[in-house]
Amino acid sequence: FEKDLREWIASKTHWKSNVKRFCEGWFKRGLTDRPITRDLSWGVPVPLSEAKGKVMYVWFDAPIGYISSTKEWAKNNGYPDRWKDYWLDERTKLVHFIGKDNIVFHALVWPAMLMAHGDYVLPAEIPANEFLNLEGAKLSTSRNWAIWLPDYLKKFSPDPLRYALAVNLPENRDVDFTWADFHARNNNELADILGNFVNRVVIFLKRNYGGRVPNVTVEGDSAQEVIKSIENVTREMGNLINSFQMKDAARLLMTLPALGNRYFDYQAPWRTFRENRVRCDQTMTVCMRLVSALEVLTAPFLPFTSRKIGRILGTGERRWDDAVTPVLPEQIGETEILFEKMEERIIIEQRALLGINQEVISEGATAGSKKEEGGMISIDDFKRVELRVAKVINAERVTGTNKLIKMIVDIGSEERQVVAGIGEKYQPEELIGRSIVVVTNLQPAKIRGVESNGMLLAAVDGNNIAVLTVDREVNPGSPVS
């Protein structure tokens, strides 16, 4: 039953509308007893004479604190009955954000307790995440195999970590946090895409417009594509966040500054400022609308970055829907770099800090990714590899090589650059438009100085190479399992 329940919760099926249908068969068959006490020397004693020496099991006792802490808060603020607005009002929506190891208590035991003691609000949604590992091993605070936030904040700003965790959330499977991935996300996405776009726009306005922001009517297909993308991403991000699909929402966010960089390059305002001022004004109006929208859309994942953009714009308090019709200031304020690039040595330094408990690595590897006899791997090992369908948008040879082809591929949530040594068997132009299979959670690497953020799959038979493709049309980003 627990296995089925875990899978059901992981599928993001809504609790409120489906719990009766899901549980009816199980309840008819009857559930096995589950102990709610422990034989420990510490804890909350069970207030029964026949239970002397026993204490409450924390996951039976702790959820009660959700209500008692609300009561205490209401009392301390002078409204002793205010807690009822949260726990007894049918208009209240109760959401449990939990780990998969606590699904049973939050989805069965706790609701049963609430139902047995009056008209309490029941959980409407139970987003349950899988486990987050660290550098290939399970987190262990007792062994110091962890990242301690006070130590982290002495060296780094909060947003790069928030982003690295958001785009790699263990929503449907266990995932691994690595310092190499953190470094790559900061440099290649936050700095090179988001930070670069905002910086080049505001610097251009400072240098050429004296900080004045043009606000003119925009025309043209490329401009309308950007405006429409802002509307679509705002709507889709809102829907994803409301359905607790934070990873997809964070990845979708990054498509906007990527689009902004492409638009800025295509419009070439450094040239049109001299040759066609009307067109340049339109370009900068569109770019500033996107920057203004990004102030709003970055807030859930990059709140400190959002505030930095807000200080540049000086537009005041914003709401989510303001991103669709972004407000433009007449003049931009003081500019600041949103993200500093990190040197690669931080990877070595942070891994070295973990190395003081090196035995955890081998222990975690044994527990989490142990190879079975005969060279076989477990299903958990396989699940760690993220395979997705990718559509090749563009392809060209890497300068100075015959074997390497650089491709821009669409993986649904974003576009990436992938480098592959298939140039002796394929011409770049014959790859464009193909739907291939790519490993998307591979650590980025540089090949001949060109970054590759993923790996395509190909069959190799001697000197023959065949890129794996799908035999029917599917959307880019579709998982391969």
Side-chain angles (χ1 to χ4, degrees), residues 11-12 163 166-169 171-173 175 181 184-185 188-189 192-194 197 221-222 225-226 228-241 243 245-263 265-266 297 301 382-396 405-420 422 426-445 450-459 466-481:
S11 70
K12 296 182 174 63
Y163 179 74
V167 297
N168 199 31
L169 276 176
E171 292 178 339
N172 299 308
R173 59 180 178 82
V175 300
D181 181 71
R185 298 284 185 188
N188 303 337
E189 295 176 34
D192 283 350
I193 298 177
L194 174 57
F197 172 68
D221 292 342
S222 58
E225 177 190 357
V226 176
K228 193 65 178 177
S229 293
I230 294 173
E231 297 174 1
N232 292 339
V233 168
T234 301
R235 183 184 64 256
E236 293 174 25
M237 275 187 67
N239 292 336
L240 288 169
I241 291 172
S243 59
Q245 299 178 69
M246 303 300 179
K247 177 171 65 176
D248 290 341
R251 293 182 174 185
L252 182 60
L253 166 66
M254 203 55 62
T255 63
L256 281 181
L259 174 62
N261 278 312
R262 292 196 299 274
Y263 175 77
D265 290 339
Y266 178 75
L297 301 180
F301 302 105
F382 175 75
K383 286 180 178 178
R384 292 183 64 192
V385 180
E386 187 175 279
L387 301 173
R388 293 191 179 273
V389 173
K391 191 163 189 175
V392 181
I393 305 301
N394 192 25
E396 60 184 39
I405 292 181
K406 177 176 65 176
M407 290 167 282
I408 302 299
V409 299
D410 179 3
I411 61 170
S413 58
E414 61 179 301
E415 293 182 2
R416 289 191 185 181
Q417 179 172 284
V418 175
V419 178
I422 56 175
Y426 288 90
Q427 296 299 319
E429 54 270 19
E430 68 178 298
L431 294 168
I432 297 175
R434 291 197 185 191
S435 292
I436 62 177
V437 179
V438 173
V439 181
T440 57
N441 63 338
L442 193 67
Q443 292 182 7
V450 180
E451 182 172 292
S452 180
N453 194 4
M455 176 187 291
L456 64 78
L457 299 190
V467 174
L468 298 189
T469 60
V470 294
D471 67 355
R472 65 184 63 182
E473 191 68 27
V474 294
N475 291 325
S478 298
V480 177
S481 59

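All of these numbers come straight from a predicted model, not from anything done at the bench.
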So, taking the atom named [atom1] in [X] and the one named [atom2] in [Y], what distance separates them when rounded to the nearest 0.5 Å?
{"X": "Leu256", "Y": "Asn261", "atom1": "CG", "atom2": "CG", "value": "11.5 Å"}
{"X": "Ile408", "Y": "Arg416", "atom1": "CD1", "atom2": "CZ", "value": "12.0 Å"}
{"X": "Arg185", "Y": "Tyr163", "atom1": "CZ", "atom2": "OH", "value": "6.0 Å"}
{"X": "Lys228", "Y": "Leu259", "atom1": "NZ", "atom2": "CG", "value": "14.0 Å"}

What residue pairs, at least two apart or across chains, pass side chain to side chain donor-acceptor pair (under 3.5 Å) with a residue in residues 467-478?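 Every pair satisfying side chain to side chain donor-acceptor pair (under 3.5 Å) with a residue in residues 467-478: there are none.
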Please check this pair: side chain of Gln417 against backbone of Glu451, looking for a donor-acceptor N/O pair closer than 3.5 Å.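 At least one qualifying donor-acceptor pair exists.
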Would a distance-only check, ignoring hydrogens and angles, find a side-chain to backbone donor-acceptor pair under 3.5 Å from Tyr426 to Val467?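 Judged by distance alone, yes, a pair lies under 3.5 Å.
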State which residues pass salt bridge (Lys or Arg N to Asp or Glu O under 4.0 Å) with [X]; sequence neighbours excluded, sorted by chain then number.
{"X": "Glu396", "value": "Lys406"}
{"X": "Glu225", "value": "none"}
{"X": "Asp221", "value": "none"}

Grab the two heavy atoms, one from [X] and one from [Y], that are nearest each other, plus how far apart they are.
{"X": "Ala249", "Y": "Phe301", "result": "CB-CZ, 3.7 Å"}
{"X": "Ser452", "Y": "Gly454", "result": "OG-O, 3.1 Å"}
{"X": "Met237", "Y": "Leu297", "result": "CE-O, 3.6 Å"}
{"X": "Pro444", "Y": "Ala184", "result": "CG-CB, 3.5 Å"}
{"X": "Tyr263", "Y": "Ser222", "result": "CE1-OG, 3.7 Å"}

Can you tell if the side chain of [X] reaches within under 4.5 Å of the side chain of [Y], non-hydrogen atoms only?
{"X": "Lys391", "Y": "Val409", "result": "no"}
{"X": "Pro476", "Y": "Val389", "result": "no"}
{"X": "Leu252", "Y": "Asp248", "result": "no"}
{"X": "Ile411", "Y": "Arg251", "result": "no"}

Report, as yes or no, whether the 6.0 Å neighbourhood of atom NZ on Lys247 holds more than 12 heavy atoms from other residues, nucleotides or ligands.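 Yes, NZ of Lys247 has more than 12 neighbouring heavy atoms, counting only those of other groups under 6.0 Å.
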Under the side-chain contact (heavy atoms from CB on, under 4.5 Å) rule, what do Met407 and Asn394 come out as? Steps first, then yes or no, please. CA-CA 6 Å; Met407 290 167 282; Asn394 192 25; over 6 Å; no
What pairs of donor and acceptor atoms, side-chain ones from residues 429-442 against any protein atom, are under 3.5 angstrom apart with sequence neighbours left out?
residue : atom : partner : partner atom : Å
Glu430  : OE2  : Gln427  : N            : 2.7
Arg434  : NE   : Glu430  : O            : 3.1
Thr440  : OG1  : Glu386  : O            : 3.3
Thr440  : OG1  : Glu386  : OE2          : 2.6
Asn441  : OD1  : Glu386  : N            : 2.9
Asn441  : ND2  : Arg384  : O            : 2.4

With sequence neighbours excluded, residues passing side-chain hydrogen bond (donor to acceptor under 3.5 Å, both in side chains) with Asn453: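 Counting only residues at least two positions away or on another chain, Asn453 forms no side-chain hydrogen bond (donor to acceptor under 3.5 Å, both in side chains).
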